[in-house]
Protein chains: 2
Amino acid sequence: MLYSSELIKGTLRTIILKLLCDQQRMYGYEITQKVKELTNNRIQLTEGALYPSLHAMESEGLLVTETEYIGKRVRKYYSISKTGKAKATEKVNELAEFMETMRVLLNIDLRTLTVQ
Amino acid sequence: MLYSSELIKGTLRTIILKLLCDQQRMYGYEITQKVKELTNNRIQLTEGALYPSLHAMESEGLLVTETEYIGKRVRKYYSISKTGKAKATEKVNELAEFMETMRVLLNIDLRTLTVQ
DNA sequence: CAAACATACATAAATCTCTTAGGTATCAAA
DNA sequence: TTTGATACCTAAGAGATTTATGTATGTTTG
């Protein structure tokens, strides 16, 4: 089951920043696969959203890139800057608080929730 | 503190449907106030988003309206239909699963989270 | 008693984020 | 040799919301 994508809106940057906080460096395609794997195919990032988002965060100084060649194929690695790290923390905290607020508002019982 | 509103996107209908599930009937302005109160001013629904959303859900048969006059002032009450109730459950469950997935993905520890 | 604020509805243009759809190219497997 | 995976990218369109605006009544306060 895939989530109705409206929900993903607004969380893409948070996901990317948090992943890059933990993983040192990753390239775009790798990010899509990692998210897919970590969420048991529940969240499938689209490239049309991912790449522009990566480019934007690079130009904002949140991410830094280095390009490498694997054979003849280009691979663009992204890693997180100091500013990016701060932004990651901020965004994750904000999302956490938002989720907690929604949990209370909608009276969602997380104890009975197991996603697998 | 108000949430950066991107997060709210995609959850507006869920909030409205769930509230109307619990409250029998409410009017638009009342919904904004109730959400504000229940979230300690954290979520502030904008009227530009709320009213079109209510109108859409009415035309989709999820909500039913009755108009009343309080003095000379119009008040439009919304209540939830049977279809709406089913939709509410569906949407709340979907959001709950999405939040749980995000919690795992971002490694958010809800035990240390207290929103107040 | 007038101004400010709250209540109560509504619409429309602009904005933002993402999807859909397309494009290019390399590499591995069947 | 064709299919599928890897790997990058952009642009048009869609969808949900914000911002701005409008109308009008009721209440409070200086």
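In this entry the distance linking CD1 of A/I15 with C1' of C/dT17 reads 13 Å, nearest Å. What separates CD of B/E68 from C1' of C/dT7 is a distance of 16 Å, to the nearest Å. When rounded to the nearest whole Å, the span between CG of B/L50 and P of D/dA16 equals 15 Å. Note: CE (A/M57) to P (C/dT17) measures 11 Å, nearest angstrom. Remark: P of C/dA8 and CG of B/L45 are 16 Å apart, rounded to the nearest angstrom.
For the OP1/OP2 pair of C/dT19 and a distance below 4.0 Å, the side-chain nitrogens and oxygens of A/T46 include at least one atom meeting the criterion.
Between A/E60 and A/R13, at least one side-chain N (NZ, or NE/NH1/NH2) sits under 4.0 Å from a carboxylate O, which counts as a salt bridge.
Under the salt bridge (Lys or Arg N to Asp or Glu O under 4.0 Å) criterion, B/E30 pairs with no residue, sequence neighbours left out. Scanning for salt bridge (Lys or Arg N to Asp or Glu O under 4.0 Å) contacts around B/E47 gives an empty result, with sequence neighbours left out. Remark: B/K34 pairs with no residue by the salt bridge (Lys or Arg N to Asp or Glu O under 4.0 Å) rule, at least two apart or across chains.
The nearest heavy atom of DNA chain C to A/K72 and to A/R13 marks one nucleotide each, and the one closer to the 5' end goes with A/R13.
The salt bridge (charged side-chain N to carboxylate O under 4.0 Å, His left out) analysis of residues 69-84 of chain B, with sequence neighbours excluded, yields no pairs. Pairs engaging residues 28-71 of chain B under the ring-ring contact (aromatic ring centres under 6.0 Å, His included) rule: none recorded [sequence neighbours left out].
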* To do: Go along nucleotides 5-14 of chain D 5' to 3' and tag each nucleotide: B for a protein heavy atom under 4.0 Å from its base, S when only backbone or sugar atoms are that close, - otherwise.
  => SBSBBB----
